[in-house]
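Structure record follows, encoded as structure tokens.
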Amino acid sequence: MAVVETKGLTKVFKKGELGAVNEVNLTTQEGEFLVFLGPSGSGKTTLLRMIAGLETPTSGQILIGGQDVTHLSPRERRIAMVFQSYALYPHLTVYKNIAFPLKAQKVPKEQHKPKVEWAAGLLGIEKLLHRKPRELSGGERQRVALARAIVREPTVFLLDEPLSNLDAKLRTSAREELEQFHSRIKTTTIYVTHDQVEAMALGDRVVVLHQGVVRQIGTPKEVYDDPADTFVATFLGSPAMNLIPQERDIVGFRPEHLLPAALISPDQRVSMHFHFSHEEYLGAERILYGSLADKRFEAKDVISRLPSRVEASFEPGSIVEFAVPRNELKFFDRATEKRSEPRVVSWQ
């Protein structure tokens, strides 16, 4: 296991333009599962590729296990990377695909078989060793790619959206397998995804990136419950956090906290009039769409997320008293859009 550290890491592809990655400072914890989360173009893959040695930084340092590896080749960094495409050799069997890094590293041939069988056993693919990649499902290919990475016994795993080619059901089971895999090997792992569900489910901590800048680093609970700015607040959560501009502030609250007023104690709630438009029934929950029925917030749409056990029904066009628990309100500075100290909201 090893700690990965970046100091002022920057990558500029075109002089005079904003960098793809800008002054990133982060330190992993030994053996943790760290997730880089952000939309397309946020710099998460570029950051991962610099750690891997596949991109040269414009400035800054990369340290692995305390050693400066900024200018070392990928092989010298003792890392293993699994790509989105898996990049398996179609003409080789699973056994030979897994053994390929050992051959490239000139590991004695008599060590290949026990190492390949060990890696395949960890991932439950022992019965697939004689097959070719074309004979495997997407989930099986993903496990072969992981086995090929683990057989090298790296100090760090780097995973670049390895589940994105799988269908929704397979992604869920593959995510569970990844979680179990990491709990067994306990190797420091950095994982790139644009999928917030993957990030929340897998990450010990999440690094939220936007426009090449780290917006927040924290546990899944921290980045969801206590977003550092309005970008994090709206990027995490589906539906996104409701944001209400006020004089100096933007007041935010999660859709699951906007409830019929009767469900919240009068001394703990901030009430508002919800102009109900329509709803979506999703089985375990209902998503209610509408706006705040107050001229100060004209046309300000808001969303409520109700558990299906809440049986209240609403007529389209009706105005209903809803509320948010006072301690669930988040405040952001209107000028900087960063978190600010709680204030008394003016519609109380």
Below 3.5 Å, can you tabulate the donor-acceptor pairs from side chains in residues 96-111 to any protein atom, sequence neighbours excluded?
{"from": "N97", "atom 1": "OD1", "to": "Y89", "atom 2": "N", "distance (Å)": "2.8"}
{"from": "N97", "atom 1": "ND2", "to": "Y89", "atom 2": "O", "distance (Å)": "3.1"}
{"from": "N97", "atom 1": "ND2", "to": "L92", "atom 2": "O", "distance (Å)": "3.2"}
{"from": "N97", "atom 1": "ND2", "to": "T93", "atom 2": "O", "distance (Å)": "3.1"}

ILVMFWY network linking [X] to [Y], side-chain heavy atoms under 4.5 angstrom:
X    : Y    : answer
L48  : V24  : yes
I303 : Y224 : no
V197 : F33  : no
V192 : L26  : yes
V213 : F36  : no

Counting only heavy atoms not in R184 (residues, nucleotides, ligands), do more than 12 fall under 6.0 Å from its CZ? yes

Please check if atom CZ in R75 has more than 12 non-hydrogen atoms from other residues, nucleotides or ligands closer than 6.0 Å. no

Closest contact, heavy atoms only, [X] versus [Y]:
X    : Y    : value
Q216 : A228 : OE1-N, 2.7 Å
V208 : V232 : CG1-CG2, 4.0 Å
P220 : V206 : CG-CG2, 4.2 Å
L243 : K300 : O-CE, 2.5 Å
L47  : V21  : N-CG2, 3.8 Å
A201 : R175 : CB-NE, 3.6 Å

Under the 3.5 angstrom rule, does the side chain of [X] hit a backbone N or O of [Y] as a donor-acceptor pair?
X    : Y    : result
T6   : L9   : no
T58  : V12  : yes
S277 : G290 : no
H257 : N327 : no
R326 : R269 : yes
K186 : S183 : yes
S291 : D301 : no
N25  : G8   : yes
T155 : A2   : no
R305 : L258 : no

Cation-pi, F13 ring and K11 (6.0 angstrom, 45 degrees): yes

Looking at side-chain heavy atoms only, is the closest gap between [X] and [Y] below 4.5 Å?
X    : Y    : answer
I190 : L159 : no
L37  : L209 : no
R254 : M241 : yes
K330 : V251 : no
I319 : F274 : no
L292 : V302 : yes
P239 : P255 : yes
L63  : V4   : no

Trace of the side-chain contact (heavy atoms from CB on, under 4.5 Å) decision for V156 with T187: CA-CA 6 Å; V156 178; T187 299; 5.5 Å; no

Find the distance between [atom1] ([X]) and [atom2] ([Y]) and round it off to the nearest 0.5 Å.
X    : Y    : atom1 : atom2 : result
R131 : E140 : CZ    : CD    : 6.0 Å
F253 : E328 : CZ    : CD    : 11.5 Å
F157 : T189 : CZ    : OG1   : 6.5 Å
Y281 : L306 : OH    : CG    : 12.5 Å
L54  : D160 : CG    : CG    : 9.5 Å
N242 : M272 : CG    : CE    : 8.5 Å

Residues which pass ring-ring contact (aromatic ring centres under 6.0 Å, His included) with F231, listed by chain and number, not counting sequence neighbours: H210, F235

Can a salt bridge be assigned to the pair [X] and [Y] using a cut-off of 4.0 Å between side-chain N and carboxylate O?
X    : Y    : answer
E117 : K113 : yes
E32  : R205 : yes
R343 : D249 : yes
R215 : D229 : yes

Evaluation steps, side-chain contact (heavy atoms from CB on, under 4.5 Å), between L88 and R148: CA-CA 9 Å; L88 301 178; R148 186 177 60 184; 3.9 Å; yes

side-chain contact (heavy atoms from CB on, under 4.5 Å) between D204 and L34, intermediate numbers included: CA-CA 6 Å; D204 294 317; L34 185 69; over 6 Å; no

Side chains of [X] and [Y]: is there a donor and an acceptor less than 3.5 Å apart?
X    : Y    : value
D195 : T193 : no
Y191 : E198 : yes
S271 : E321 : yes

For the residue pair H278 and Y289, categorise the inter-ring angle as parallel (less than 30°), tilted (30 to 60°) or perpendicular (more than 60°). parallel

For V35 and V207, run side-chain contact (heavy atoms from CB on, under 4.5 Å): C-alpha distance rounded to whole Å, both residues' side-chain angles, the deciding distance at 0.1 Å, then the answer. CA-CA 6 Å; V35 178; V207 180; over 6 Å; no

For residues 76-83, dump all side-chain donor-acceptor pairs below 3.5 Å to protein atoms at least two apart in sequence or in another chain.
{"from": "E76", "atom 1": "OE1", "to": "S73", "atom 2": "N", "distance (Å)": "2.9"}
{"from": "E76", "atom 1": "OE1", "to": "S73", "atom 2": "OG", "distance (Å)": "3.0"}
{"from": "R77", "atom 1": "NE", "to": "V69", "atom 2": "O", "distance (Å)": "3.3"}
{"from": "R77", "atom 1": "NE", "to": "L72", "atom 2": "O", "distance (Å)": "3.0"}
{"from": "R77", "atom 1": "NH1", "to": "M50", "atom 2": "O", "distance (Å)": "2.9"}
{"from": "R77", "atom 1": "NH1", "to": "I51", "atom 2": "O", "distance (Å)": "2.9"}
{"from": "R77", "atom 1": "NH2", "to": "V69", "atom 2": "O", "distance (Å)": "2.9"}
{"from": "R77", "atom 1": "NH2", "to": "T70", "atom 2": "O", "distance (Å)": "3.1"}
{"from": "R77", "atom 1": "NH2", "to": "L72", "atom 2": "O", "distance (Å)": "3.0"}
{"from": "R78", "atom 1": "NH2", "to": "E153", "atom 2": "O", "distance (Å)": "3.0"}

